[in-house]
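Each remark here refers to the structure printed beneath this line.
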Amino acid sequence: MSAQTPVAPVPVAPTVTRSRVGVRRLGGRRLANRVGINLLALLVFAVMAFPVYWMVSTAFKPSSEILTFSPTVFPSSATVANFTDVMNRPYFWRVARNSVIVVVAVTGLSLVLAFLAALALAKFRFYGRRAFIILIIGVQMVPLNALIIPLYILLSRAGQVDKLMGVIVTYLTFVLPFCVWTLRGFIIGVPPDLEEAAMVDGSTRFGAFFRILLPLVAPGLVATSIFAFIQAWNEFTFALVIMDRPERETLPVWLQAFNFGARGTDWGAIMAGSTLIAIPVVIFFLLVQRKIAFGLTAGSVKG
């Protein structure tokens with residue numbers, strides 16, 4: 001038998017090897033960049049979340065643990081005495097009711113009026129439309145502190161000082177323009193061809209509005225309601241100026257009375273009150289956050 005001739009190995013092209021090395025290096029760089037971005041995001045989240053955690057943890061600490069020279073990250077002996085103290089203080093429940101009334105009225109009126117105004121600005125052409133849009137932007141650029149004295153004079157002449165209606169009207173002056181401008185952007189983003197197609201299929205103008213436009217704008221309504229709720233719930237300066245009697249105050253104004261006491265600042269009560277004030281905002285967001293994703297698909301057109 002004749003010996004078989006050995007087959008020489010085929011040399012690998014250097015260009016292929018270099019390309020593989022380049023791909024590996026590129027993948028390593030992308031992985032390093034991704035890890036770096038994630039670490040930076042975690043750092044930013046920790047910086048933003050730590051004050052909230054410190055507020056909640058301090059609310060559960062006794063006074064002896066709060067005023068110590070060696071602060072503790074976790075409460076060693078958790079207590080709800082600070083929350084009980086806050087809820088048993090004078091006018092707490094009445095002030096909480098005032099805040100709920102003001103926020104519900106401001107949020108509801110802002111959404112209804114802003115949606116109608118934004119719909120007119122986005123769908124119709126009329127005289128003074130551009131000037132109205134510029135006016136909305138200009139109102140948002142004015143510092144709120146510059147409006148305190150003029151608004152107080154107007155409310156005083158109308159007899160609405162130290163009344164919830166005066167607070168509601170005052171809050172609408174800066175919440176309503178923001179809602180109009182935000183909802184206008186959402187409505188403009190809806191293609192008009194969808195409504196026209198619905199009317200071609202036999203739907204009326206109102207039917208196309210409720211079946212096509214409103215479901216598509218629902219995420220904008222929910223997002224705008226969240227911002228309106230937060231602005232009205234956390235507002236402090238106007239309520240402090242307008243309200244004179246403690247039983248007519250809102251929660252942020254009522255909470256500032258904790259700054260001074262017979263034995264100094266009651267930090268435990270302040271943190272407990274701040275935690276209680278923050279709870280309704282969190283609950284409201286949890287209730288409506290699913291509606292945002294639902295509204296994105298509720299008005300979609302099936303092929």
[Y] reachable from [X] in the ILVMFWY side-chain graph, under 4.5 Å edges:
X      : Y      : result
Leu251 : Phe285 : yes
Tyr127 : Phe124 : no
Leu144 : Val241 : yes

Run the salt bridge (Lys or Arg N to Asp or Glu O under 4.0 Å) test against Lys163 and tell me which residues pass, sequence neighbours left out. none
How about [X] and [Y]: do any of their side-chain heavy atoms sit closer than 4.5 Å?
X      : Y      : value
Thr250 : Met243 : no
Cys179 : Val175 : yes
Gln160 : Val169 : no

Between Phe83 and Phe60, is the gap from one ring center to the other below 6.0 Å? yes
Closest non-hydrogen atom pair between [X] and [Y], with its separation:
X      : Y      : value
Ser225 : Leu111 : CB-CD1, 3.6 Å
Ile136 : Trp181 : CG2-CB, 4.2 Å
Leu240 : Gln256 : CD1-NE2, 4.4 Å

For Phe132 and Phe126: C-alpha separation, side-chain torsions, deciding distance, then whether ring-ring contact (aromatic ring centres under 6.0 Å, His included) applies. CA-CA 10 Å; Phe132 187 73; Phe126 54 89; 7.5 Å; no
Taking atom OH of Tyr171 and atom CD of Glu235, what is their separation to the nearest 0.5 Å? 4.0 Å
So Phe92 and Trp254, ring-ring contact (aromatic ring centres under 6.0 Å, His included) or not? Walk me through it. CA-CA 8 Å; Phe92 171 76; Trp254 177 80; 5.3 Å; yes
Please check this pair: side chain of Thr68 against backbone of Glu65, looking for a donor-acceptor N/O pair closer than 3.5 Å. no
Can you tell whether the side chains of Asp85 and Arg89 come within less than 4.0 Å, N to carboxylate O? yes
How are the rings of Phe174 and Phe238 set relative to one another: parallel (under 30°), tilted (30 to 60°) or perpendicular (over 60°)? parallel
Phe50 and Tyr53 aromatic ring geometry - parallel, tilted or perpendicular at 30°/60° bounds: tilted
